[in-house]
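The chain is numbered in sequence order, starting from 1. The model shown is predicted, which means the values in this text are computed figures rather than measured ones. In what follows, every heavy atom counts, from backbone to side chain, and hydrogens, waters and symmetry copies are set aside. Order of appearance sets the numbers: ligands from 1, and atoms from 1 within every ligand.
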Amino acid sequence: MKKTFLELEPELCNPETAYFHILPIPYEGTVCFGKGTDEGPDAILAVSDQMEYIDEETLYPFYKRGVFTCDPIPAAETPREEMERIEETVRRLDLFRPDRFPIALGGEHSVSGPIIRVASEKYDDLSVLQFDAHSDLRDAFGPGGRDSHASVMARALDCVETVVQVGIRSFSEEDLERFPKQVENFLTPTMLEDDFDGCAEHALTRLSKNVYITVDMDAFDPAVAPGVGTPEPGGLSWRQVVRFIQAVVAAKNVVGADVVETAPLGGRHLVTEFAAARLVAKIMTAVGRKKAF
Ligand SMILES: [Mn+2]
């Protein structure tokens, strides 16, 4: 049977009336090191109904706006075909309709590229807020070329003017040469530790009115999310990421999000998929409380 986020009663997962649309994208085609992100969406859906359905900070019942889980996008043969398939699906399902809020579940990070492309056509003045250990700014990398997971923010910058990158602690010389100004949009874990409010304020001045959020689970410290392909020490805490998202949702019009790069460790090591599912619930809470209708 098809897995759905929260396994809700039929009236709460009607695609016509549900506000939140979960889009599982179990794709891994360009990853050259730690593998398993294609199992991420299923693992997140499988643990989602083990959460409580009420937010502990706000007492907001985030499920009540309705949550529809779309059919997973079947993986394509080549990275290019996959990107086209995602773009076509997001368009066909009309996921950026004003009365819908899409949350995609990856899958490797390249899947965000075509979603951001569609969002940038729907919304003028779109910027991207990325949580990630890696800047992902290479113009092309490895087997995926320009559609590599390591190039996804270069692809985002093809469509939007600004990408603010939070949690960054791994980038190449080439990134800095190609995007010399981008360093002003890097907010490293050290910067957040020293001055969280200053960092959030800086992000708000950089981001435009409409914002798309992409979360690579390796932005978190590996203690929070160990099941990722390329773990990097010294990452963000749970509360830093949640508070940052809450601050941006409060100040901007957040139009959609994705949570990618969960690579389940298997067995009883469910920490990462639980963190991803809870993060989706935190995003739903922040967005759902603000956009009351
Ligand atoms: Mn990434």
Side-chain angles (χ1 to χ4, degrees), residues 25-41 44 79 82-83 86 103-117 119 127-160 162-172 174-176 178-179 182-183 185-189 192 212-222 224-236 240-241 244-245 256-264 272-273 275-276 279-280 283:
I25 313 180
Y27 175 68
E28 180 171 76
T30 78
V31 169
C32 29
F33 193 63
K35 293 190 191 268
T37 59
D38 52 339
E39 294 167 15
I44 296 166
E82 176 72 18
M83 298 307 120
I86 295 168
I103 304 178
L105 304 178
E108 61 163 70
H109 207 162
S110 60
V111 305
S112 308
I115 304 173
I116 291 167
R117 174 171 290 280
S127 51
V128 173
L129 173 66
Q130 171 206 16
F131 295 87
D132 205 318
H134 313 92
S135 60
D136 294 344
L137 287 169
R138 286 183 160 88
D139 188 47
F141 185 74
R146 287 168 56 80
D147 297 314
S148 168
H149 63 102
S151 303
V152 63
M153 287 304 123
R155 294 296 74 76
L157 282 165
D158 292 340
C159 321
V160 303
T162 304
V163 177
V164 172
Q165 305 186 285
V166 185
I168 303 299
R169 50 203 187 276
S170 191
F171 44 85
S172 71
E174 185 205 327
D175 296 345
L176 299 182
R178 291 189 63 242
F179 300 101
Q182 192 55 26
V183 92
N185 289 339
F186 284 178
L187 293 166
T188 67
L192 261 74
Y212 180 87
I213 296 179
T214 176
V215 183
D216 185 323
M217 289 301 287
D218 66 27
F220 286 106
D221 190 80
V224 181
V228 295
T230 320
E232 297 274 356
L236 302 175
Q240 282 174 325
V241 172
F244 213 102
I245 289 174
D258 62 60
V259 176
V260 299
E261 294 278 345
T262 297
T272 314
E273 39 269 51
L279 191 66
V280 170
I283 293 169

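When ring centroids are compared, Phe220 and Phe131 stay outside the 6.0 Å threshold.
Protein N, O or S atom count below 2.8 Å of the Mn ion (ligand 1): the structure gives 4.
A donor atom on one side chain and an acceptor atom on the other are found under 3.5 Å apart for Ser110 and Glu108. Looking at His109 and Thr37, their side chains never bring a donor and an acceptor atom within 3.5 Å of each other.
Annotation: salt bridge (Lys or Arg N to Asp or Glu O under 4.0 Å) contacts of Arg138 (sequence neighbours excluded): none.
The distance from atom CZ of Phe186 to atom CZ of Arg169, rounded to the nearest 0.5 Å, is 13.0 Å.
Relative ring orientation between Phe141 and His149 is described as perpendicular, the plane-to-plane angle rising above 60° on a 0-90° scale split at 30° and 60°.
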